Amino acid sequence: MITCVVDYVIDPAKIEAFEEFGRRWVELVNRHGGTHHGYYLPSEGASDRAIALFSFPSFAAYEKYRELFGVDPDFIAADKIRNDSGCVLRYDRSFMRPLAE
C-alpha cells in the first residue's frame, strides 16, 4: 500500500471552493480504487495550509488512477473548481508507506 500526502497552500478567503474541490476528489479517489482518508483544513487561527491523505493498494494502482487526469470528465470538472476559483496557490505531493507490525 502507498499513501499519497498532498500538502496544499490555499487561499483562506476561498475555503468554501477548496472544500467543494476536496469533496469531489474524495469521491473520485474512492470510486477509482483508492481509499481517501480525508482533507484536513485549518481549524483555529489564520492558516493557509491544508492536507489530503489517500491510499492505493500499490503504486501501479495509483498510476492507473492518474491516467484519468485530463481525460475523464469528472476529473476535469473537479480540477476546474480549483482552476476557476484560485483556491489552491500551490501543492506538493509525496508518497509514504505504512510501518505496520
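None of these values were measured; they are calculated from a predicted model.
- Scanning both residues, P12 and S47, for their nearest heavy atoms gives CG-O, 3.5 Å.
- Atom CZ of R49 has 12 or fewer neighbouring heavy atoms from other residues, nucleotides or ligands inside a 6.0 Å radius.
- Note that the CZ atom of R24 and the NZ atom of K80 stand 11.0 Å from one another [nearest 0.5 Å].
- Note on L89 and Y39: separate hydrophobic clusters, where clusters join Ile, Leu, Val, Met, Phe, Trp and Tyr whose side-chain heavy atoms are under 4.5 Å apart, directly or indirectly.
- If you chain together hydrophobic residues whose side chains sit under 4.5 Å apart, Y40 and V5 fall into the same group.
- Counting heavy atoms from C-beta outward, F54 and V6 have side chains that approach closer than 4.5 Å.
- Between F21 and D79 the shortest side-chain heavy-atom distance falls below 4.5 Å.
- A 6.0 Å sphere centred on CD of E63 holds more than 12 heavy atoms belonging to other residues, nucleotides or ligands.
- Aromatic ring orientation, Y8 versus F18: perpendicular (interplanar angle above 60°, classes split at 30° and 60°).
- Electrostatic pairing of E20 and R23 counts as a salt bridge here, judged by a charged N lying under 4.0 Å from a carboxylate O.
- The closest donor-acceptor contact from the side chain of N30 to the backbone of H36 lies under 3.5 Å.
- I10 has its side chain out of reach of C87: every pair of non-hydrogen atoms, C-beta onward, lies at least 4.5 Å apart.
- A heavy-atom distance below 4.5 Å is found between the side chains of V29 and F56.
- Atom CZ of F75 and atom NE2 of H32 lie 4.0 Å apart (nearest 0.5 Å).
- Cluster annotation: I15 is not connected to I51 through the hydrophobic network of ILVMFWY side chains, with a link wherever side-chain heavy atoms come within less than 4.5 Å.
- Taken from CD1 in I81 to CD in E19, the straight-line distance is 12.0 Å, to the nearest 0.5 Å.
- Considering CG of L53 and CG of D7, their distance stands at 10.0 Å, rounded to 0.5 Å.
- If you take CZ on F59 and CZ on R66, they are separated by 9.0 Å, rounding to the nearest 0.5 Å.
- Shortest non-hydrogen contact noted between A78 and L28 is CB-CD1, 3.9 Å.
- Ring pair F69/W25 is parallel by interplanar angle, where below 30° counts as parallel and above 60° as perpendicular.
- Going from atom CZ of R31 over to atom CG of L68 covers 9.5 Å, rounded to the nearest 0.5 Å.
- Within the 4.5 Å cutoff, no side-chain heavy atoms of D74 are placed close to those of E27.
- When all heavy atoms of D11 and G86 are compared, the pair lying nearest together is CB-O, 4.0 Å.
- M1 and Y65 sit in two unconnected hydrophobic clusters of ILVMFWY residues. Membership requires side-chain heavy atoms under 4.5 Å apart, directly or through other members.
- Contact detail for T3 and S55: the closest heavy-atom pair is OG1-OG, 2.6 Å.
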